[in-house]
Amino acid sequence: MAYDYVIVGAGSAGCVLAARLSEDPAIKVALLEAGGPDKKTEIQVPAAFPKLFKTEYDWNFSTARQAELENRELYWTRVRMLGGSSSLNAMMWVRGHQADYDGWEVPGWSYEDVLPYFKKAEHREGSNAGKVYGIDGPLWISEQRDPNPTTLAFLAACAAAGLTRLAELNGPSNEGYAQTPVTQKKGRRWSAADAYLHPAAKRPNLTVITGAHAKRIVFEGTRATGVEYGDTTVTATREVIVAAGAIGSPHLLILSGIGDLAQLSVLGIEPVLELPEVGQHLQDHLSVGVLRQCPREVTLANADSLWNLGRWLLFKKGPFTSNVGEAVAFIKSDPALHAPDLELIFAPGPFINHGLEPPAGHAVTVGVVLLQPDSVGRLTLTSTDPATTPQIDPGYLTGDGDLQRLIYGVRKAEELLGSDALAPYTAEPMAPYTGADDEETLARYIREHSETLYHPVGTCRMGTDETSVVDPELKVRGIEGLRVADASVMPQINRGHTHAPSIMIGEKAADLIRTI
């Protein structure tokens, strides 16, 4: 089977690439996805996404034991189905701050360079359409249809605390607070597969192959010529494009002989090219929840009822439309900083252990997120079997100042939760949270209960230096016919969420490829 382009991974960026490249009817495109289709009802129901964790739709990864987090192994969901994480995430469309993209210092990737690609993707329903947002793109960005009353109280608490109300969260600066824009279309999830892939899949020049777990990239010398999965090899006459995410992309490169020579030697993999930084520079957003019991039965703790399901099915209204993270505030731990380094995510319900535990009662949660960690980790392989999970070591809290910034964020969350605006909806702390007491107690709580916010990046870092994995055109250095296009190329994690920049990377990559 021969195609012009073979794309590995049908996540956010992969769906964009498949759709954009196949717009040319003369171009034949194959999209390989290790998982299956995205047909399960829970995928469409916004508030149901935690029900998909640790199921057949989830790679169900775990990190290496984290020395600074009480030696815990943390659960990392990574998604295996069409749409990738956009089919299972909290639907928060948060581009980040202008300083993120300018700070990458990569030609062609400044804020002004990438802004048109955000707008190209966006189909804004609601305020600021055609201003801050694009209006003609395939990806619906909506205002929440039925926000919880506690969410409105949180916004009032932010105002009373003197934070800046953002007329729009996705402008050049996100310092301040706002209700969260969501990737929903009329109350249902609108993933990258919904926006890009399903409409494009009708084209005769696009072949989508599910259940195709890539084993390795095939080379002739140092030119990528195809991808092997199972007992099948698909040939790429122009390029192989790896869009398997911050875990899958470096994993496949190393399996294919691109990486650190010492690691390849230990694994017995024939080297194609020495690129020691493949799998390095892993960064993620670490988060810890601050929970307060709610004396009123208005939270998402009672959302799972036939009545509410009926409201969603018939009218696309009610708590089933919630994305859980209904409001956000971006703040600085130090006023001297030029951009926020912390995010506070408000959830109108008890969000404990990734939402996998049944709620013990009504509560509200503020997730404190470390946006700009000093900590850096890495990914390494322990086996040549593609089905074996690589060792994921994000190195949480190993960087100077990370713990202190999280402590500051927890105290700020407590300040907001203790405000008059939220007083009708907050009472004593809910376990496992015990309250903002002395610094030692807070530090122990953070070490014992922090979890990922599901935003790994950086493992195939883009740059202009010779040690970077990909160049500014996303070409793998030293290899012909091979690019990486997903969150793994981000040189530094953004002050937002990673779905929006992954879509942007896919859009920009398609343009880069079509210029050849």
Side-chain angles (χ1 to χ4, degrees), residues 46 89-100 111 115 118-119 121-135 139-184 187 190 285 287 290 300 321-333 337 339-349 351 364-372 409 412-413 415-417 419 421-422 425 453 455 494-501 503:
N89 65 4
M91 295 150 284
M92 302 171 75
W93 187 256
V94 188
R95 295 176 187 166
H97 195 282
Q98 177 174 346
D100 295 328
Y111 178 74
L115 182 59
F118 283 117
K119 291 185 176 182
E122 294 165 344
H123 181 120
R124 173 63 168 176
E125 181 188 48
S127 61
N128 292 311
K131 299 176 183 177
V132 173
Y133 290 97
I135 58 174
L139 190 65
W140 279 59
I141 313 296
S142 304
E143 296 177 352
Q144 293 172 32
R145 290 170 70 88
D146 211 347
N148 192 272
T150 62
T151 298
L152 304 181
F154 174 78
L155 296 172
C158 290
L163 301 181
T164 300
R165 178 64 187 255
L166 293 167
E168 181 43 61
L169 179 62
N170 284 300
S173 172
N174 60 5
E175 184 176 359
Y177 68 95
Q179 206 165 298
T180 313
V182 290
T183 49
Q184 294 181 14
W190 197 246
H285 287 147
S287 176
V290 179
L300 298 180
T321 65
S322 176
N323 73 309
V324 180
E326 292 191 3
V328 293
F330 288 87
I331 64 173
K332 298 174 181 176
S333 65
L337 293 172
D341 61 338
L342 292 167
E343 179 185 11
L344 308 179
I345 301 177
F346 181 79
F351 195 77
V364 295
T365 306
V366 175
V368 180
V369 184
L370 182 63
L371 291 175
Q372 292 285 279
K412 190 65 177 180
E415 178 187 324
L416 295 173
L417 289 168
S419 67
L422 272 166
Y425 303 107
L453 198 67
H455 294 164
N494 64 325
R495 297 170 178 85
H497 295 201
T498 51
H499 175 42
I503 293 286

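- When side chains are defined from C-beta on, Met92 does not count as touching Pro181, because their heavy atoms never get closer than 4.5 Å.
- Side chains of Val182 and Pro46 form no contact here, defined as non-hydrogen atoms less than 4.5 Å apart.
- To the nearest 0.5 angstrom, Trp93 atom CH2 is 8.0 Å from Asn170 atom CG.
- Not one N or O on the side chain of Asp341 forms a donor-acceptor pair closer than 3.5 Å with the backbone of Leu370.
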(request) Could you please spell out the steps behind the side-chain contact (heavy atoms from CB on, under 4.5 Å) verdict for Tyr177 and Leu166? (result) CA-CA 6 Å; Tyr177 68 95; Leu166 293 167; 6.0 Å; no
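- The shortest non-hydrogen separation linking Gly409 to Leu344 is O-CD2, 3.9 Å.
- Between Tyr133 and Arg95, the closest side-chain pair of non-hydrogen atoms falls below 4.5 Å.
- Closest heavy-atom contact between Phe330 and Leu169: CE1-CD1, 3.8 Å.
- The two residues His285 and Leu371 have their closest heavy-atom pair at NE2-O, 3.2 Å.
- Distance CH2/Trp190 to CE/Met91: 14.0 Å, rounded to 0.5 Å.
- Counting only distance, with no hydrogens or angles, the side chain of Thr180 and the backbone of Gly325 share a donor-acceptor pair below 3.5 Å.
- Proximity of Pro340 to His97: side-chain heavy atoms (C-beta onward) are separated by under 4.5 Å at one or more points.
- Minimum interatomic distance between Leu422 and Ala153 (heavy atoms only, all atoms of both residues): CD2-CB, 3.7 Å.
- Contact of the Leu163 side chain with the Ile331 side chain is registered, since non-hydrogen atoms from C-beta on lie closer than 4.5 Å.
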(request) Show your reasoning for whether side-chain contact (heavy atoms from CB on, under 4.5 Å) applies to Val364 and Leu417. (result) CA-CA 9 Å; Val364 295; Leu417 289 168; 3.9 Å; yes
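- Listed here is the closest heavy atom pair of Asn148 and Glu326: N-OE1, 3.0 Å.
- Under the 3.5 Å distance criterion, the side-chain polar atoms of Ser173 are matched with a main-chain donor or acceptor of Glu175.
- Minimum heavy-atom separation, Leu300 to Ser322: CD1-OG, 3.6 Å.
- No donor-acceptor contact under 3.5 angstrom links the side chains of Asp146 and Thr321, judged on distance only.
- Under the rule for a side-chain hydrogen bond (donor to acceptor under 3.5 Å, both in side chains), Gln179 has no partner lying at least two apart in sequence or in another chain.
- Applying the side-chain hydrogen bond (donor to acceptor under 3.5 Å, both in side chains) criterion to Lys412, with sequence neighbours excluded, gives Glu415.
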(request) Dump the intermediate steps for side-chain contact (heavy atoms from CB on, under 4.5 Å) on Val94 and Val328, then the final yes or no. (result) CA-CA 10 Å; Val94 188; Val328 293; 5.5 Å; no
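- Relative orientation of the His455 and His497 rings is tilted, given thresholds of 30° and 60° on the angle between their planes.
- Glu122 and Trp140 form no side-chain donor-acceptor contact under 3.5 Å, judged by distance and modelled atom types alone.
- At a threshold of 4.5 Å between non-hydrogen side-chain atoms, the residues Leu139 and Ile503 count as touching.
- Qualifying side-chain hydrogen bond (donor to acceptor under 3.5 Å, both in side chains) partners for Asn494, counting only residues two or more places apart in sequence or in other chains: none.
- A heavy-atom distance below 4.5 Å is found between the side chains of Val366 and Phe154.
- Among Ile345, Val369, Val368, the one residue that satisfies the side-chain contact (heavy atoms from CB on, under 4.5 Å) test with Ser287 is Val369.
- Under the 4.5 Å side-chain criterion, counting only non-hydrogen atoms from C-beta, Phe351 is in contact with Val324.
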(request) May I have the step-by-step check of salt bridge (charged side-chain N to carboxylate O under 4.0 Å, His left out) for Glu143 and Arg124, ending in yes or no? (result) CA-CA 9 Å; Glu143 296 177 352; Arg124 173 63 168 176; 3.6 Å; yes
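- Side-chain atoms of Gln184 and Ser142 include no donor-acceptor pair closer than 3.5 Å.
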